[in-house]
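A quick note: this is a predicted structure, and the numbers were derived from the prediction, not measured.
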Amino acid sequence: MLDLIWLIPVLPLVGALINLILGRKLGDPRAGWVATIATASSFLVTVLAYFEMLGRPAEERSHVATMFSWIRVGSLQVDLAVLADPLSIVMALFVTGISTLIHLYAIGYMHGDNKFSKFFLYLNLFVFSMLLLVLGENLLVTFLGWEGVGACSYFLISFWHTRDSAAVAGKKAFVTNRIGDFGVMAAMFLAFNSLGTLSYNAINDSAHSGELAAVTATAIGLLLFVGACGKSAQLPLYLWLPDAMEGPTPVSALIHAATMVTSGVFLMTRMSPVLHASYEWVPTVIAVVGAATALFAATVAVAQNDIKKVLAYSTVSQLGYMFLAVGSGAYVAAIFHMVTHAFFKALLFLGSGSVIHGMHHEQDMRRMGALRKVMPVTAFTFIIGWLAIAGVPPFAGFWSKDEILLYVYANNRGLYVVGLITALLTAFYMTRQVIMVFFGKAKWNDHSAEHGSHGDLTPHESSWVMLTPLVMLAGLSVVGGAMQLPFGKKFNFLERWLAPVVEESEAHIGETWAYQNKYLLLVVAIVVAVVGIAASIAVYAKSWIKPIEPKVLEQAWYYDNAASRLIAGPGARTFNLIAWIDANIVDGTVNGVGKLIRNIATSLRRAQSGFVRAYALLISFGAVVILAWFFLRGALL
Amino acid sequence: MIALSLAPTASWYLVLSAVLFGIGTFGVLVRRNPLVMFMCIELMLNAVNLSFVTLARQLNDINGQTIVFFVMVVAAAEVVVGLGIIVAIMRNRSSVTADDLAELKG
Amino acid sequence: MELFVFSCAALMVVVGAVGVIIRKHPVHAALSLVLTLFGVAVLFVIQQAHFLAAVQVIVYAGAIVVLFLFVIMLLGVDRVENLRTEPLTTQRPLAVIVSLGLIGVLVAAFATGSGVLNERGEGLNIPDLLNDSDANTKQLAQSIFSQYVVAFEVTSVLLVVAVVGTVLLARRTKNSVTENPK
């Protein structure tokens, strides 16, 4: 079975091709079912591969299946190959699993759209790229997937391209990601230059064995982190993610919550030996950026009124947590949080999609309220998602967040405080969202007249096609924490599973004070979550305290405006300067060489006077010189 | 006759030949009349003949003189052809010097 | 004895050569050339190249110079060259330098090899020469007609070709191509 792991990315590709050729004929909803079945079969293959790996002893769980030899140029030998090892199978499992659920959901959500089959074409293409990314055997295959998900993200964000804001958002996402891509490319060049290979196994082995110099490892690590910042929306390059909410909700759920944005964390974990071999301050940089992003995004989410924007900033914040974990050496915790986050964030997004669908495409939370009476299943699942993200035990989010905070405490107390504050804010704003949408007074009747010509707006519950994935994700959010419980080695399934990949780079905190007192820290985390929820109820449900939502938070600390002004002002000037340099200096040099030769030739042309006697003079002069040379040679010898 | 103990050695002849050659070269470079230029070329050829004969005597080898024989033959043929060319060029113009034939000007 | 003859002949040669390059009138230059050729013929005789001396006089002075004079007459006797002016200004000084350089190098070469060159050559088979006055001719003939007979035949072909070619070159055709008027 493991030899057939190449089927895992290929099956969604086949689905995409079918939709490409026959999509219009298949129509709504058959095109959607084709896509869902393609993804589901990919999930099946992944599960079978997982069980086969489970049957093998821990050291033998890495398998490479080569599809074909891709590049053979000089010393660069790169195959299109997929690597099945514990890390990539975990990623493939939740990617294919959640993709299947979201495909199913989208059949209901996109019903009636006139570009129905194209949507599923892009979705399948995206799943194919994402699987190439996680299953790639070398940096180049991963990069192929990396670029692919970027392109599909662009297609899907601007899916309703007739809307100006959607088209602009798509472009913004693509350009911002490109900046990150440059970092990945530079890292690849460096890796090839210093090690002569792009294969993960070779690079990680040489990082372990000490063959990779610390300077090179630092450079590679930081450049890859730049790429990760772009793809995973960390602080300097996060701007595209809130705008990406222009895309349909299944897209937001799949790409911008569960899968694409986690590629950066995956890449860091995959290259963990390289990070381990670099200088001491490199993981600290990663951790600080992650913590700063987490706090930043959490403060902004408090003041957002669009149901999807809250979740978008929440995603940025949770990704910050994952990078904080990576920077503290807690790779297992990062992957754990990635998986649980995929469950509950996808759940929350799909739930919000259900709300939007039921509210006839109304997205402003101030016009919702008391929806739990009209959409009970949606409300119930959404509440489970809320409890998971807020960090309430026994839901999944609590265990993963606690694991991260444990490692962060052992590493750096200051960052631990930041993480704790962020956890408080997370609980706060998520509770605010739940209250505004599902509880309180129903505000949807007040504005029904302004809402097109829908007449009396009555929200309705969604169909089973949309509710089934919600229920399944809710179930996963409840039990997902069982992967890695902190009650002793017997329950550390994920840690033992991922050990062959990250063991040596993982921070070992067995002896620290934090580990000895982990139950104390556990209780602190619970207290913080409860305080956050209580504060939010006090402000929004009971109105005991007035809400504080200053404009600066709603405008995301004016970061976006600052970035636009920077690019338009000094940025544009710099680009013009560079273009001028290229046109005049670079081109000028090339043309200048030509002009120089022309000028030399023109001046030499004057020697061709046409006078035979002058030529004769030159000939005889040359003859004298030659004779003299022969004579001197003879005389001196 | 005065008996002179000094006798010209081969190098005297060769020096004379060198001088004749140099004068011929100078003439080719300075004179503009094509016919006179040709005559100076004949001077150069004669200088070479002289040196061949000198060395034939010095080295006791008849081949030097054989070469001179052939040089003379070829020089004659060359003069014939060269003068024919000059006639062909100069026929239609009133006065032609070497400087007027400047078609090679680049 | 040889010294005396050598000096006279050398004088003739040099005077004639200088005359060729100095004289404005081409006919005068041709006559100076004859002087030089005679001088060279005398030098041939001294060096016991009797046959070549004869050929020199007959062919060079007798045929070639006559040919020169024919052409000079054909193309107008009064074409006198103006030697005062020189359109290429650097030509004369550079020509002096080149000629002197040439002479200098050659003389230096001879001077270096003077060890070899100053051993008196015995001449070519001197006993033969004293007995037989045709010795030189015989030797030359033996060399040409045995060792270099192919070259000999080829030169005869060359002569024929030269004559035919020149006749073709210099004839007036029915529509003779005139040079572009300048």
| field | Proximity breakdown for B:S17 and chain C, heavy-atom pairs closer than 4.5 Å | value | neither
| request: Kindly write out the residues that satisfy side-chain contact (heavy atoms from CB on, under 4.5 Å) with C:L35, not counting sequence neighbours, or none if the list is empty. | output: C:M12, C:V15
| Region of C:A63 in contact with chain B, defined by heavy-atom distances below 4.5 Å | neither
| task | Check whether B:I23 gets within reach of chain C through its side chain, its backbone, both or neither, counting any heavy atom under 4.5 Å. | result | both
| Which portion of C:Q142 sits near chain B, non-hydrogen atoms under 4.5 angstrom | neither
| request: Give a yes or no on this: more than 12 heavy atoms of other residues, nucleotides or ligands lie within 6.0 Å of atom CZ of C:F38. | output: no
| message | If you count heavy-atom pairs within less than 4.5 Å of chain B, which of C:L168, C:V161, C:L94, C:L43 leads? | response | C:L43
| message | Rounded to the nearest 0.5 Å, what separates atom NE2 in C:H50 from atom CG in C:L140? | response | 11.5 Å
| field | Residue part contacting chain B, namely of C:F51, when any heavy atom lies under 4.5 Å | value | side chain
| said: Counting heavy-atom pairs closer than 4.5 Å to chain B, which one of C:T155, C:V55, C:V107, C:L106 comes out on top? | reply: C:T155
| said: How long is the straight-line distance from CD of B:Q58 back to OH of B:Y13, given to the nearest 0.5 Å? | reply: 11.0 Å
| said: Would you say CZ of B:R32 has more than 12 non-hydrogen atoms from neighbouring residues, nucleotides or ligands within 6.0 angstrom? | reply: yes
| Tell me, which pairs form a side chain to side chain donor-acceptor pair (under 3.5 Å) where one or both residues lie in residues 68-84 of chain B, sequence neighbours left out? | none
| field | Pairs of heavy atoms under 4.5 Å with chain C: top-ranked of B:C40, B:A47, B:A77 | value | B:A77
| task | Side chain from CB out, backbone as N, CA, C, O: work out which of these in B:F70 comes under 4.5 Å of a heavy atom of chain C, or both, or neither. | result | side chain
| request: Examine whether an atom of B:L35 lies under 4.5 Å from a heavy atom of chain C, and if so say whether it belongs to the side chain, the backbone or both; otherwise answer neither. | output: both
| field | Residues, nucleotides or ligands: over 12 heavy atoms within 6.0 Å of B:F52 CZ | value | no
